[in-house]
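Counting starts at 1 for both ligands and their atoms, following the listed order.
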Amino acid sequence: MSVFTQKVIWITGASSGIGEAIALELSRNANEAHPIKLVLSARRADELERVARQTGLPAANVLVLPMDVTDFGAFSAHVERVRQHFGRIDYLFLNAGISQRSTVAETDFSVYQRLMDVNFFGTIALTKAVLPLMLAQRSGHLVVTSSVAGKLGVKYRSGYCASKHALHGFYDALRAETHSAGLHVTIVCPGYIRTPISLQALNATGQVHGKMDANQEKGMAPDVFTRRLLKAVSRKKEEVYIGGPETFGIYLKRFLPGLLSRILRNREGA
Ligand SMILES: NC(=O)c1ccc[n+]([C@@H]2O[C@H](COP(=O)([O-])OP(=O)(O)OC[C@H]3O[C@@H](n4cnc5c(N)ncnc54)[C@H](OP(=O)(O)O)[C@@H]3O)[C@@H](O)[C@H]2O)c1
């Protein structure tokens, strides 16, 4: 029996990449004796339906709930829908996000606003909408997808890095405030994971980058990433770094910041 047995688990960004892999990995470990209930959210309803089918879970155990994480005003209604459907929310994987490929000098200000809306404000607004229910339950676990770029600054991702850094301040504070109320917060910093994230990354004018970057292509498989993530979540880890050698950058930043700075400024390519 796993910690996820009988639990209601809401995943944002479930139509693709890491969110999809979380849904499939959780379902792989579930069965009649150890059921789970999933809520799958993202904008593309057809992709969510595809993932719901691939989970192989009984239809009654999956709620497909399409939503745009920048539609902040709709969140209370979404939470109420989940509460009415499944009665509670045990885990919320706050995973929806978009990346960036453009220098500070060339990037339109509107691109920064979009990155903050999707990656930061969308994440904290949904958290605030779910929080009253988790506090009333006196239990709940928030799992936030940050990035290695949430711990250091890399070229062409200034807004992405800023949006992910902001998550750490917010969720460290929330963890401290809600620990005694029985809530848990895990922040995960993935390195390069093999997903289509670079295809949807925004360029200087807010258009999609549209290219699969080499680092992503060579990255860790999403199912391998997810198995490590779920182990960390079940152990209630506060912060975890999962990926290849790029995750060592976080330790260099802490212990040898000058060396990391030299490496990052000499690094070429997206
Ligand atoms: N892949 C990596 O190497 C890597 C590394 C570090 C961190 N991350 C983080 O991991 C998370 C998942 O990314 P991924 O790699 O799995 O990329 P992905 O395959 O592109 O998935 C991104 C997900 O976010 C959803 N999304 C984007 N904008 C949204 C919006 N406005 N409203 C609702 N949902 C939205 C997308 O669904 P729709 O388009 O259907 O809305 C999709 O399901 C992101 O937070 C990303 O920053 C990824």
Honestly, for Arg157 the part within reach of ligand 1 (heavy atoms, under 4.0 Å) is neither

Indicate whether any N or O donor in one side chain lies under 3.5 Å from an N or O acceptor in the other, for Arg101 and Ser99.
-> yes

Taking the six-membered ring for Trp, are Phe120 and Phe170 parallel (under 30°), tilted (30 to 60°) or perpendicular (over 60°)?
-> perpendicular

Hey, is NE2 on His179 packed in by over 12 heavy atoms from elsewhere, all under 6.0 Å?
-> no

Option set Ser41, Pro66, Ala96, criterion heavy-atom distance to atom 35 (C) of ligand 1, minimum = Ala96

Within 4.0 Å of some non-hydrogen atom of Arg114, the atoms of ligand 1 are 31 (N)

Check each heavy atom of Gln216 against ligand 1 and say whether those closer than 4.0 Å belong to the side chain, the backbone, both or neither.
-> side chain

Closest candidate by heavy atom, reference atom 22 (C) of ligand 1, pool Ser16, Gly13, Gly97 | Gly97

Does Arg194 have a non-hydrogen atom less than 4.0 Å from ligand 1?
-> no

So, Ser41 versus Thr12: side-chain donor-acceptor pair below 3.5 Å or not?
-> no

From Thr145, Asn95, Thr123, Asn119 - option closest to atom 44 (C) of ligand 1 by heavy atom | Asn95

Is there a donor-acceptor pair under 3.5 Å between the side chain of Asp213 and the backbone N or O of Gln216?
-> no

Taking the minimum heavy-atom distance to atom 6 (C) of ligand 1, which of Gly219, Gly19, Ser147 ranks first?
-> Ser147

Which ligand 1 atoms are under 4.0 Å away from a heavy-atom of Gly17?
-> 16 (O), 19 (O)

